[in-house]
Amino acid sequence: MSGKPVLHYANTRGRMESVRWLLAAAGVEFEERIMKTKDDFQKLRTDGSLLFQQVPMVEIDGMKMVQTRAILCYIAGKYNLYGKDLKERAWIDMYVEGTTDLMGMIMALPFQAADVKEKNIALITERATTRYFPVYEKALKDHGQDYLVGNKLSWADIHLLEAILMTEELKSDILSAFPLLQAFKGRMSNVPTIKKFLQPGSQRKPPLDEKSIANVRKIFNI
Ligand code: GSH
């Protein structure tokens, strides 16, 4: 065993992408075991690797961890990206839940019918600009620091950058009314580990194309 975390998921962003982001930003190398077929998924289930018969699953520190949020909390805590005390952790949790809600809406789009999808894209861009991004813009304005919590890089910053880039894929000028978030995006994209993850050829996954959507539908019975 290499000692590196091993990520079990399909060859897509899905619920695993934030785990890839967090590990990459923490500077942790990881391996991926890509499930290509429904049978690959079934094998993991029958060999007892999946506590709730679901992925994402990450082998780390002798555990086979499932439940995305549990995995992310563990990694954030282990690599010192989860605040210095309970209050900082509470803020990080609140910010992360906001970006999780926003990204959850985006993640569902490829599996929706064209008319529903069109309405939801409008809803997502509206929510991003009126509910979510104003919160992060205000946080940065109020404390005047480079990072969201504790004047130090945390899981909240990494998750927000992931959410910004995902939302920009729907509407490239989505940050036009948010100057501090534009500057934040520039700063975060230049953190060396993140900069590396944003380069072509990294373990970051692209948005789903038609072929991958069909494959994901088969693997997960969607
Ligand atoms: N609460 C779980 C988490 O956040 O990790 C949900 C995991 C989940 O729904 N995983 C999907 C899955 O395994 C793939 S993204 N679906 C098959 C199933 O639920 O039977």
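Each ligand, and each atom within it, is numbered from 1 in the order the structure gives. The figures here come from the full heavy-atom set of this structure, side chains too, leaving out hydrogens, waters and symmetry mates.
In this structure, the protein non-hydrogen atom closest to atom 16 (N) of ligand 1 is F220 CD2, 3.9 Å. Counting only heavy atoms of the protein, atom 19 (O) of ligand 1 lies nearest to Q54 NE2, 2.8 Å. Regarding atom 5 (O) of ligand 1, its nearest protein heavy-atom neighbour is T68 OG1, 2.7 Å. The nearest protein atom to atom 9 (O) of ligand 1, hydrogens excluded, is given as R15 NH1, 3.1 Å; this is a heavy-atom distance. Looking only at heavy atoms of the protein, atom 11 (C) of ligand 1 is closest to V55 O, 3.6 Å.
Near Q67, meaning under 4.0 Å from any of its heavy atoms, are these atoms of ligand 1: 1 (N), 2 (C), 3 (C), 4 (O), 5 (O). Ligand 1 places these atoms under 4.0 Å from at least one heavy atom of P56: 5 (O). Per-residue contacts place R45 under 4.0 angstrom from the following atoms of ligand 1 (heavy atoms of the residue considered): 17 (C), 18 (C), 20 (O). Proximity to Y9 (heavy-atom distance under 4.0 Å) selects the following atoms of ligand 1: 15 (S).
Listed by chain and number, the residues in a side-chain contact (heavy atoms from CB on, under 4.5 Å) with E137 are F178, P179, L180, L181 (sequence neighbours excluded). Y9 meets the ring-ring contact (aromatic ring centres under 6.0 Å, His included) test with F220; sequence neighbours excluded.
With respect to the salt-bridge test (charged N to carboxylate O, under 4.0 angstrom), the residues K4 and E32 do not qualify. Using a 4.0 Å cut-off between charged side-chain N and carboxylate O, D61 and K78 make a salt bridge. Between E168 and K185 there is a salt bridge, with a side-chain nitrogen of the basic residue lying less than 4.0 Å from a carboxylate oxygen of the acidic one. Using a cut-off of 4.0 Å between Lys/Arg side-chain N and Asp/Glu carboxylate O, R69 and D93 are scored as salt-bridged.
Here's the thing with R69: none of its N/O atoms is less than 3.5 angstrom from an N/O atom of ligand 1.
Ring-plane geometry between Y95 and Y136 is classed as tilted, the angle between the planes lying from 30 to 60 degrees on a 0 to 90 degree scale.
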